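Heads up: numbering here begins at 1 and tracks the sequence. What you are looking at is a predicted structure, and each value in this text was computed from that prediction instead of being measured. Values reported hereafter were calculated over all heavy atoms of this structure, with side chains retained and with hydrogens, waters and symmetry mates removed.
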Amino acid sequence: MADKVFTTSATASGGREGQVKSDNGVINVGLTMPSGDDIPSDASNPEQLFASGYAACFDGALNLMAKKSKEEIDSETRAEVSLLKDPSDNGFQLGVKLHVTVKGVDQSTAEQLVEKAHEFCPYSKATRGNVDVSLEVAAK
């Protein structure tokens, strides 16, 4: 096993109609199952929490790749996470679309940096082969 760099935890109770809290208490939110695209404003869900983590991690990886390539960028990553029906077991699976905006470089360079970030990002590594992840890149 690789050398551990960092460990954190979160505890959920009550499933999709319960509560989740991070070990430091910064995340402490109620959970609810959305109805279609109607997401309540007073609670979250596992897909939003996953989207938040993936977007933050990917944007960090993108900025690291830009720094290594000696490119100065401003970026924004929006992770769109969908809960999909899984016909193989009549259950569910996730789908992800990363919408990445990169300012300061041309489209080709933006795409190259995003691909490098996708190879490097721990969330991208964790989902590879398990979750369909598509990339949408826009240079501005």
Side-chain angles (χ1 to χ4, degrees):
M1 182 164 193
D3 293 335
K4 191 182 301 184
V5 176
F6 174 74
T7 300
T8 190
S9 67
T11 303
S13 60
R16 285 185 169 272
E17 297 297 332
Q19 187 85 11
V20 66
K21 183 177 181 180
S22 63
D23 54 0
N24 66 356
V26 171
I27 298 170
N28 188 0
V29 296
L31 302 172
T32 190
M33 181 67 176
S35 177
D37 287 333
D38 182 27
I39 300 171
S41 61
D42 62 344
S44 189
N45 58 67
E47 293 74 30
Q48 276 185 334
L49 297 169
F50 184 79
S52 298
Y54 202 162
C57 188
F58 193 90
D59 205 61
L62 175 59
N63 280 274
L64 179 61
M65 294 302 104
K67 184 177 179 180
K68 286 184 174 188
S69 298
K70 299 188 182 341
E71 298 286 356
E72 289 192 31
I73 66 165
D74 285 318
S75 64
E76 181 178 276
T77 300
R78 180 171 60 90
E80 181 181 307
V81 176
S82 298
L83 184 64
L84 309 167
K85 292 197 179 209
D86 186 348
S88 70
D89 66 359
N90 209 28
F92 300 96
Q93 61 188 22
L94 296 177
V96 177
K97 186 171 192 176
L98 296 177
H99 302 267
V100 186
T101 303
V102 184
K103 295 178 183 174
V105 294
D106 62 29
Q107 183 68 27
S108 176
T109 303
E111 290 172 1
Q112 290 171 12
L113 291 172
V114 166
E115 283 298 327
K116 287 179 184 178
H118 193 43
E119 290 301 312
F120 184 83
C121 173
Y123 274 71
S124 291
K125 288 179 182 179
T127 59
R128 194 167 290 122
N130 299 310
V131 174
D132 184 22
V133 177
S134 63
L135 305 171
E136 182 179 285
V137 183
K140 297 211 174 186

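Between Ser108 and Asp106, the side chains place no donor N or O within less than 3.5 Å of an acceptor N or O (distance only, hydrogens not considered).
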Using side chain to side chain contact (heavy atoms under 4.5 Å, CB included), reason through Leu98 and Tyr123 one step at a time and then give a plain yes or no.
CA-CA 12 Å; Leu98 296 177; Tyr123 274 71; over 6 Å; no
Output, in order, the C-alpha distance, side-chain angles, deciding distance and verdict of side chain to side chain contact (heavy atoms under 4.5 Å, CB included) for Val81 and Tyr54.
CA-CA 9 Å; Val81 176; Tyr54 202 162; 5.6 Å; no
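In plain terms, the two heavy atoms of Asp86 and Ser88 that are nearest each other are OD1-OG, 2.7 Å. The two residues Ala110 and Val105 come nearest to each other via the heavy atoms N-CG2, 3.8 Å.
Here Glu47 pairs with Arg16 under the salt bridge (Lys or Arg N to Asp or Glu O under 4.0 Å) rule; sequence neighbours left out.
Counting heavy atoms from C-beta on, the side chains of Ile73 and Thr109 never come closer than 4.5 Å. Counting heavy atoms from C-beta outward, Leu62 and Val100 have side chains that approach closer than 4.5 Å.
There is no path of hydrophobic side-chain contacts, each under 4.5 Å, that joins Phe92 to Leu84.
Applying the salt bridge (charged side-chain N to carboxylate O under 4.0 Å, His left out) test to pairs two or more places apart or on separate chains, those with a residue in residues 69-83 are Arg78-Glu80. For the side-chain hydrogen bond (donor to acceptor under 3.5 Å, both in side chains) condition, the pairs that include at least one residue of residues 22-31, sequence neighbours left out, are Thr8-Asp23, Gln19-Asn28, Ser22-Asn24.
Through side-chain heavy atoms spaced under 4.5 Å, either directly or across other Ile, Leu, Val, Met, Phe, Trp or Tyr residues, Val20 is tied to Ile27, Val29, Leu31, Leu49.
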Which donor-acceptor pairs under 3.5 Å do side chains of residues 132-140 form with protein atoms, sequence neighbours excluded?
unit_1	atom_1	unit_2	atom_2	d
Glu136	OE1	Lys97	NZ	3.3
Glu136	OE2	His99	ND1	3.0

Would you give me the side-chain donor-acceptor pairs under 3.5 Å for residues 113-122, sequence neighbours excluded?
unit_1	atom_1	unit_2	atom_2	d
Lys116	NZ	Ser69	OG	3.4
His118	ND1	Ser124	OG	2.8

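Distance alone, capped at 3.5 Å, is enough to place a donor-acceptor pair between the Asn63 side chain and the Asp59 backbone. Looking only at distances, no side-chain donor or acceptor of Gln93 sits under 3.5 Å from a matching main-chain atom of Val131.
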